[in-house]
Amino acid sequence: MKQAQRVYEWLARAFPHEFRLAHGDEMLETGAETMAELAKRRGGAGVARLVADAAVRLPIEYLSEMRRDLQYAVRALINSPGFALVGILSMGLAIGLTTNVYSSNWALLTRPMQGVAHASRLVMAEKPISYFYVESYREQKNVFAGVAAFQTAVPFNVRLPGEANGKQQRIFGQLVSSDYFQVMGVDAERGRVLSPTLDRAGDAPTAVISDKFWRSRLGSRSDAIGLALRVNGQAVTIVGIAPRGFEGAFPTESAAELFVPVTAPAAIAPELSNDVLYRRNAREFLALGFLVPGVTAAQAESALDGVTRRLDANDPSAPPQSDKARRVSLLPAGTRAPIPPELKRALEGFFGVLMGIVIVIACVNLGTMLLVRGANRRKEFAIRMSVGASRFRLARQLMSEGMLLSLLGGMLGFGVAYLLNTLNTRLHQAIDTPGLPDVAIDWRAAVFAFVAALVCGIGFSVAPALRATKSELTPALKEGSAMQLPGHRRFGLRNLAMAVQLAGSLMLLLITGFVLMGFARGYQVQTNFDPKTMAMASIDPVRDGETPEKAIDLFAKLPQRLKDSGKFSSVALTTLPPFAIVDDDDSEQLTVDDPQATQRVQQPAIRESVGAGYFAALDESMLSGREFNDADERSLMEPVPGNATRMLPVVLNETAAKKLFGSTNAIGKHLKDGTRSYEVVGVVHDLKGGMGIKQAIAYVALSRDDFTRPPAAGITILARTRAGLDGAAGIRNVVAGLDPKLVPFHVETLSDQLAMSRRDIRSAIRTYGGIGGFGLILSAIGLAGVTAYAVAQRKREIGIRMALGANKGQVLRLVLREGIALIAVGTVLGFAGAVFVSKALEAATSVLADALAMGTNDPRLLVGAPTLLAALALLACYIPARAAIRVDPLKALRTE
Amino acid sequence: MTKKQAERFLPLKPQWFHILLALAGEEQHGYGIMQEVLERTMGKVRLWPATLYGSLKRMIDADLIEDSPTRPRPEMDDARRRYYRLTGLGRQVLDAECERLQGLVHAIRTRRGMVTE
């Protein structure tokens with residue numbers, strides 16, 4: 001009974017202040033009397049009912065108070081539309097921008113792949129391995145419920161049914177083991193997925209198509225299942241359609257439209273030739289594992305490490321590796337971008353910092369405005385407090401206004417994010433970026449926007465609310481809003497907030513600028529000739545249905561035929577278009593092969609296969625030695641007999657040569673990688689392009705393998721022509737004359753190609769520039785608001801000064817002085833912060849490190865950004881400050 | 001005060017109806033209202049304190065009841081108690097609700113053939 005009495009009293013005291021003011025005592029008294037009576041008549045059950053009633057009413061009363069606060073808040077905002085508009089707009093922009101970053105970048109990192117069951121249990125080996133290894137991994141039943149093998153970004157020349165003589169389309173897909181879909185937990189939307197029992201070697205070739213293929217290429221026809229496609233000239237039956245949104249494992253590398261089982265004949269996919277499924281040294285498959293429940297990726301990794309060590313020990317072709325290093329590293333494969341956890345953390349950190357700064361700036365901005373507004377409403381608050389309103393109540397009401405503003409901003413923000421997303425999607429569709437998902441703004445983004453709005457609402461309104469309601473009643477009543485706030489001149493909350501905001505904006509501007517400038521510089525390609533005069537086209541004879549022998553013959557004849565056409569001054573073949581951006585991960589370890597050397601020199605280098613006359617076609621002179629000639633190419637076209645190894649010619653770029661051989665002459669020196677030996681025949685200048693980073697590149701001559709199993713981009717023909725001539729048409733004619741079956745693709749000029757690679761930087765400029773610009777606008781608004789407030793506050797003082805003879809210049813200086821001090825403090829803080837944050841990011845992530853390292857040295861940015869911000873800030877101060885010089889002393893004095 | 005204004009409150013929440021009814025006769029404090037409802041309904045309806053004061057607060061806000069300036073004799077008075085009485089609108093709402101309930105009862109009786117139209 002006593003316990004119940006205490007609980008009831010505690011509950012009664014927890015009711016909202018207003019409620020207690022009106023009925024608190026009575027409720028306590030009535031409760032005590034009722035409880036005594038109930039205990040007598042109905043015992044414990046009655047007492048419990050009494051307490052329960054209070055417990056149930058408590059939240060109801062609070063909700064009703066909140067509703068009332070909200071009504072007041074709506075009224076207050078309607079009464080000051082300017083304040084509301086600026087607040088909602090800036091909050092909306094901030095939330096919209098962060099939601100956009102969240103739903104595009106963040107989601108790409110973390111969101112599970114569509115159509116996949118149990119995405120979190122999928123892992124993928126980072127490095128390609130041979131099919132034999134995959135089969136051994138499959139036996140680790142205590143770790144994996146299933147292991148599939150796949151090759152991604154495999155090109156297929158596809159002719160759709162009903163278009164017997166129609167155009168072939170080059171479509172990218174995957175070669176997958178037949179248990180691939182079971183391992184991924186993906187069911188067919190229509191038809192069936194591939195299965196180990198139905199898709200065996202020797203069966204009629206089958207394929208599963210993606211939903212996108214079905215919709216866009218087959219026009220969603222209902223009889224798609226059972227149709228026969230011509231894939232690389234061979235008939236392949238469609239047996240199923242993958243679920244919507246499923247683009248295969250590792251979609252950021254290449255979104256797959258076609259899934260062909262590895263049991264298919266090599267005629268359908270040259271990748272499957274040369275017994276690739278049975279050769280231990282054919283490291284061409286990625287392993288995809290489905291973990292047994294409860295097993296972590298780290299556990300699986302160590303289990304596979306043991307297996308791989310055993311396998312490597314029995315494999316003479318295995319690349320030499322140190323004993324300590326992990327042989328296998330697993331990446332999470334259930335998300336769109338399988339990236340190692342450390343990198344993921346770094347990227348999350350980067351985006352987190354970006355979003356955080358934007359939110360903080362917006363919060364501080366609104367906080368400043370609320371502070372200003374609160375100060376202007378001191379008289380109102382003082383009156384309400386003097387008639388009995390509690391400070392808590394007033395603070396709560398101010399916070400309600402903040403929350404309302406923030407929630408409205410959140411709604412607007414969601415709209416902004418939706419708009420940005422639509423724009424982005426349209427842009428990606430227009431340029432058909434591979435691997436970029438159509439990230440939709442969905443409920444997760446909405447929840448994010450809502451939470452962001454709540455955080456902002458609380459974040460920016462607590463301090464101003466407490467501040468505004470803390471005052472001495474008498475002076476506030478007397479002087480109202482014109483009262484000087486204690487300490488507001490120098491280190492007040494408001495000035496601190498303003499300096500933080502300026503610093504934050506500058507940080508945002510600088511960091512985004514660093515990244516941008518870094519990218520921009522990296523992508524600046526310098527050619528020694530007009531890139532418009534270089535025509536490019538790719539061909540892939542094997543996939544156009546030619547035999548490997550015929551393909552080799554074609555490539556042997558093609559350059560001469562092009563030159564004979566009289567249109568081209570120089571011609572070369574390559575597997576990779578020049579200036580393409582190559583991932584560092586694709587590099588191979590080169591070792592100096594020198595029996596007399598005291599220490600082993602190793603250097604990872606990117607391998608590029610180029611044909612005879614490649615550097616001449618690019619107008620690049622050799623630093624020393626020679627480049628590949630027809631003789632090199634011819635000798636490499638002969639199949640290697642038995643186990644004989646052959647010394648391959650290699651051309652190094654300047655960086656690779658320096659790293660491997662220092663200042664000594666590299667020509668004639670020997671190198672080896674895992675399986676091959678090389679002799680350096682030439683050293684060439686670094687091409688000025690790619691990421692602009694000095695990458696070590698080893699150029700090897702085009703070989704038989706390149707021609708019979710061309711990579712995803714096919715074999716690219718580079719042909720220099722004279723300005724004004726249509727090189728593309730020239731290439732087409734010659735190719736058609738040589739073999740009418742061939743279908744050239746990616747026909748363009750080098751200048752088109754460079755423009756394409758620059759679109760990444762354009763998209764980056766839009767995103768990061770947008771974020772930087774946003775910070776700038778917000779801080780300008782904030783500064784203008786604060787200055788306007790200061791002017792309004794000091795109207796009387798200004799009036800007196802002017803009445804005493806101060807001139808306009810002096811008044812302006814008086815008002816601007818504070819703003820300028822703030823700008824100076826903010827600039828210094830922001831500068832230091834930006835340098836600190838970018839150094840931290842640089843250390844944390846290699847992805848941004850290159851861009852940041854180059855960006856941080858750019859004087860245009862280091863001087864330009866603070867100057868721009870300071871100029872804008874000054875303008876933002878000046879415009880409201882002009883109001884000060886228009887103060888009429890008589891009026892100003894009379895109104896008080 | 002129009003009839004329309006009163007009808008906005010209909011149908012009245014049960015506890016509001018009981019409170020209005022309790023105040024129809026005389027001015028009462030909260031505990032008094034509670035006791036009177038309990039007696040009138042022979043213990044069937046009990047307005048629990050938190051519900052009662054929550055309702056009173058909302059009814060004051062809705063202008064159905066108000067604080068009464070008249071208080072009992074000093075020896076009977078408890079200073080902590082607030083006395084409530086009906087406002088004009090409160091009385092109208094009570095009348096309108098009674099009318100509505102009567103109509104309802106009439107409809108039930110007609111249905112069951114207890115009265116003829």
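These numbers were taken from a predicted model, which means no experiment stands behind them. Chain letters run A, B, ... following the sequence lines, proteins first, then strands; residues in each count from 1. Quick note: numbers below take in every heavy atom, side chains included, and nothing from hydrogens, waters or symmetry partners.
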Problem - Charged N-O contact under 4.0 Å between Glu26(A) and Arg81(B) - result: no
Handout entry: Arg100(B) atom CZ: more than 12 heavy-atom contacts under 6.0 Å
Key = yes
Completion exercise
Quick note, side chain to side chain donor-acceptor pair (under 3.5 Å) partners involving residues 45-55 of chain B, not counting sequence neighbours, are Thr30(A)-Tyr53(B), Glu37(A)-Arg46(B), Asp53(A)-Thr51(B)
Fill in the blank from the handout: Scored by heavy-atom pairs under 4.5 Å with chain B, the best of Ile60(A), Leu11(A), Asp25(A), Thr34(A) is Thr34(A)
Problem - Ring-face cation of Arg384(A) near Tyr72(A) (centre distance under 6.0 Å, axis angle within 45°) - result: yes
Exercise for the section: Verify, without hydrogens or angle tests, whether Arg82(B) (side chain) and Ala22(A) (backbone) share a donor-acceptor contact under 3.5 angstrom. Expected result: yes
Handout entry: Toward chain A: residues of residues 31-40 of chain B with heavy atoms under 4.5 Å
Key = Tyr31(B), Met34(B), Gln35(B), Leu38(B)
Practice task
Determine, stepwise, if the pair Arg68(A) / Gln71(A) fulfils side-chain hydrogen bond (donor to acceptor under 3.5 Å, both in side chains).
Solution key: CA-CA 5 Å; Arg68(A) 196 178 314 193; Gln71(A) 281 167 349; 5.8 Å; no
Practice task
Could you check which of Glu61(A), Glu18(A), Glu29(A) has the highest count of heavy-atom pairs closer than 4.5 Å to chain B?
Solution key: Glu29(A)
Problem - Salt-bridge contact Lys40(A)-Glu33(A) (side-chain N to carboxylate O under 4.0 Å) - result: no
